[in-house]
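Notes for the one structure printed next.
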Amino acid sequence: MYLADRGPTAATAPADADQGRTDRAAQPGRALRAIPATVLALGTVSLITDVSSEMVTAVLPLYVVAGLGLSPLGFGVLDGVYNGVSGLVRLFGGHLADRGRRHKAVAVIGYGLSALCKPLLLIVHTLPLISGVLALDRTGKGIRTAPRDAMISLASTPENRGRAFGVHRAMDTGGALLGPIVAFLVLGAATDGYDAVFTVSFCIAALGVLVLVLFVPGGRAPAAGSMGTASVADAGGARGSDGAAAGTSAPGGDEVSGGAAAGSPAVTLRSAVALLRIPDVRRLTVTATLLGLTTVSDAFVYLMLQHRLGISERLFPLLPLGTAFFFLVLAMPLGVLADRVGRRRVFLGGHVALLLAYGLLLMPLHGDVLPFVVLALHGTFYAATDGVLPAAAAGAVPAELRASGLALIGTGQALARFCCSIAFGAMWTVIGDQAVLGIAMAGLALCAGWAAYALRGPETA
Amino acid sequence: MTARARLIILVVAVALLGTVAFASVMRASQRAGERDTAQPGGPPVSAGSVSLAGSGRMVFRNMAWGPYRDDLVSVPVGDPGGARVAAPVRCLRFYAAAGTGVCLRKEDGALQETYFASILDSGLRTLREFPVGGIPTRTRVSPSGHMAAWTVFVGGDSYAGSNFSTRTSIVDTRTWELTSSLEAYTIIKDGRPYHAADVNFWGVTFSDDGHFYATLATKGQTYLVRGDIAARTVTTMRTNVECPSLSPDGTRLVFKKRVPGADPDEPWRLYALDLKTMEETPLAESRSVDDQVVWSDEHTVMYGLAGDYGDDLWSVPADGPGAARRVALAALNPAFIG
């Protein structure tokens, strides 16, 4: 409904607002106020949605085993397969969003699909069906990720993009941390009240969708403001050889005023693929993929912590909370830092933090502080990469193909990480945890070194 | 749409969704309250003393509604459906032998639930407790009462993905030496040492204080293994055996077996395995059983099947022909005392 309400002013109004914000942001102490309302709204949507989804994840094992009396073994069998599908869904969501510039509409579908999965959990009582519902839930997540990140990038100014993504990721992680607390509050009020947990989760998810529909501007034109797109067009134009890619964005800065109404070139699958011809996009995709290939999955990091530092069974489930805590606290400061010193630098810095974490896990050290240091480095890695990568990528991808481009880079990274976790798991048993982590560390150092070389030079804003 | 209109919609929606959420919690809470009231026609339960010493008693987790729901209760072996005597000890899973009990229990926390394995003496006092990394599923004590084992489901927490695995621990209650994961044992499969990341163990059943049988799963296949505690080895014996339970005379195992062509939601049937001839015999229970059976005598096994109020306890002859019969309503994890 809100989508239809936005008239032609949609393209210009936010741009003006962003212009004003940029000026203020230049002054010190205005950091928080410089965050565009759209980003705050999207952050709120993510926070609410993560409370809802983490509520379910927190109680699901207990529900399956204690509530339904089923064995959860084999629950994750489709996990691997689905990781691949999820990447393709993300690409599809990104492409769909760019076509006709319906970022918001596609995001609403994604969030809505996940919300509808919650009441389904009230109906299904067998493991295959529950797995199916979870798969559907993740399809929704895959669909919405790229348009949402595109909206964040289009709503923020190039100068503040890192901060905008940082704020969004912090809010997102905050929701993930709150979810289990809400779930166990419900279970505390109603013993074995799993149906109540799912119902409350649905209500919260529905609220998230509503906030998205009501408070995130839609409009058919990218609400980027002229600066964001102009600089992209400049970057594309300056490298004249990138014909296909440059062709997708109208030259100069007039595409915002003229593009939406006059019909900019159609967004096709071909133009999305042609994004890889933009040197910056290609470099970022290759770099993110290569680094993803050497990024050991969280579960292995926690297992290593447990093996090498002797974390007790009781504390083991708390390890991910440690990472999430540091991610939450550092996401915005590192986003701001990325705006100041360069997103690629911070992105690389995050991988250096990960490298240090690997190093600590490999050293014959013991001590009570060590787990905290490793988790802090692990959280720093996320804070310095998860939102910073799309912030960096946004500068390289033309506004009309923003969602497709972010999906491309994000999917490359996700699939690479998935391959890494398979290879890591297989090698773990053959050569042992220490040796395989050593290999991963060497690989990460190599890739980071190459990335530092490949991403040198000035970055597009 | 004006900002005001949007705000009104939001407030109305919050009120509506909030009401639905609140109502669902209240309804669940009320239902939980109802479970504290005894059902008419249910087994009578009264507070009393439950002992793991003595003779002629069966101790199990009472699942009947009422104030003693989930407490450990004791009934005469000859009248398992009769009046129950309850002790205020709550366990998700329970087993006992020779005066030693294992109680796998849950403790609620703000961020998550935590689980413990408590070793109980014959008066149900906790001798020692071990934190465990996930939701309990199986537990056994050796016939002498010296060794205890338990299996929990680990993983699947909110951040580490949805991959579950099992972890099986063994403790010597004389020395309190704990093997927190059987994965530390050397696996000998088809005569050779075997390594894999996806190894899972569950369902230990002890033959004596030094040996046990259990299920090992790897690469999508389950195996019956024989474990040697002193040598810290497990050796595979045959495939498609889960949750074995050794007969009191140590000659036969009853286990759940995945049968081809079965409904994927109900894949298991009970089988007996003669350890001398290695011959399998299907038991008379035709339904899918997901439990580690307990031998009530040399010729009968008991197991749980979903009932109206938690699991009901059933029994079936362990030698093949015969019929399954319901032994007690709302009862789980029986242990025979004496």
Side-chain angles (χ1 to χ4, degrees), chain A residues 1-2 5 54 57-58 60-62 65-66 69-76 79 126-128 134 176 179-181 184-196 199-200 203-204 206-207 210-211 214-215 297-299 302 312-314 316-318 320-321 323-324 425-426 428-430, chain B residues 1 6-7 9-10 13-14 16-18 20-21 23-32 35 92 106 108-114 130-137 153-167 180 195-200 202 217 264-265 290 304 306 311:
Chain A
M1 54 185 155
Y2 183 56
D5 282 352
E54 290 301 326
T57 356
L60 207 62
L62 199 62
V65 179
L70 303 170
S71 160
L73 288 180
F75 212 50
D79 223 46
T126 62
L127 219 46
L134 292 186
I181 299 177
F184 287 117
L185 278 177
V186 172
L187 284 185
T191 313
D192 297 341
Y194 303 103
D195 54 341
T199 309
V200 173
C203 291
I204 294 175
L207 184 67
L210 193 73
V211 170
L214 287 178
F215 296 99
S297 83
D298 296 1
Y302 302 136
S312 77
E313 293 283 349
R314 191 169 183 182
F316 185 72
L318 294 177
L321 300 183
T323 301
W428 174 298
T429 53
V430 180
Chain B
M1 199 186 298
R6 271 180 269 160
L7 215 60
I9 293 177
L10 183 73
V14 166
L16 267 174
L17 292 170
V20 172
S24 77
V25 175
M26 288 326 286
R27 206 180 63 120
S29 164
Q30 195 187 352
R31 201 187 46 216
R35 282 190 297 238
L92 293 169
K106 177 177 87 170
D108 292 325
L111 268 176
Q112 61 191 354
E113 273 129 345
T114 48
F130 302 91
V132 297
I135 304 165
T137 164
F153 291 117
V154 294
D157 59 85
S158 10
Y159 305 94
S162 57
N163 263 311
F164 283 89
S165 56
T166 58
R167 188 165 303 152
S180 63
H195 301 276
D198 68 343
V199 163
N200 280 307
W202 63 85
D265 293 333
D290 183 10
D311 282 13

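Residue numbers start from 1 in every chain, and the chains themselves are labelled A, B, ... in the order their sequence lines are given, proteins ahead of strands. Fair warning: this is a prediction, and the values are worked out from it, not measured in the lab.
For the set B:Leu17, B:Leu7, B:Leu16, B:Val14, the entry with the most heavy-atom pairs within less than 4.5 Å of chain A is B:Leu17. Taking A:Asp192, A:Val211, A:Val186, A:Thr323 one by one and counting their heavy-atom pairs under 4.5 Å with chain B, the maximum is reached by A:Asp192.
No donor-acceptor pair closer than 3.5 Å links the side chain of B:Asn200 to the backbone N or O of B:Ser165.
For the pair B:Leu92 and B:Pro136, the tightest heavy-atom approach, listed with the atom from each and the gap, is CD1-CD, 3.8 Å. Of all heavy-atom pairs between B:Ser24 and A:Val200, the closest is OG-CG2, 3.9 Å.
Remark: B:Ile135 pairs with A:Pro61, A:Leu62, A:Val65, B:Tyr115 by the side-chain contact (heavy atoms from CB on, under 4.5 Å) rule, at least two apart or across chains.
Looking at A:Ile204, there are no atoms closer than 4.5 Å to chain B (heavy atoms on both sides), in backbone or side chain. For chain A, the nearby part of B:Thr114 is the side chain; its heavy atoms alone come within less than 4.5 Å.
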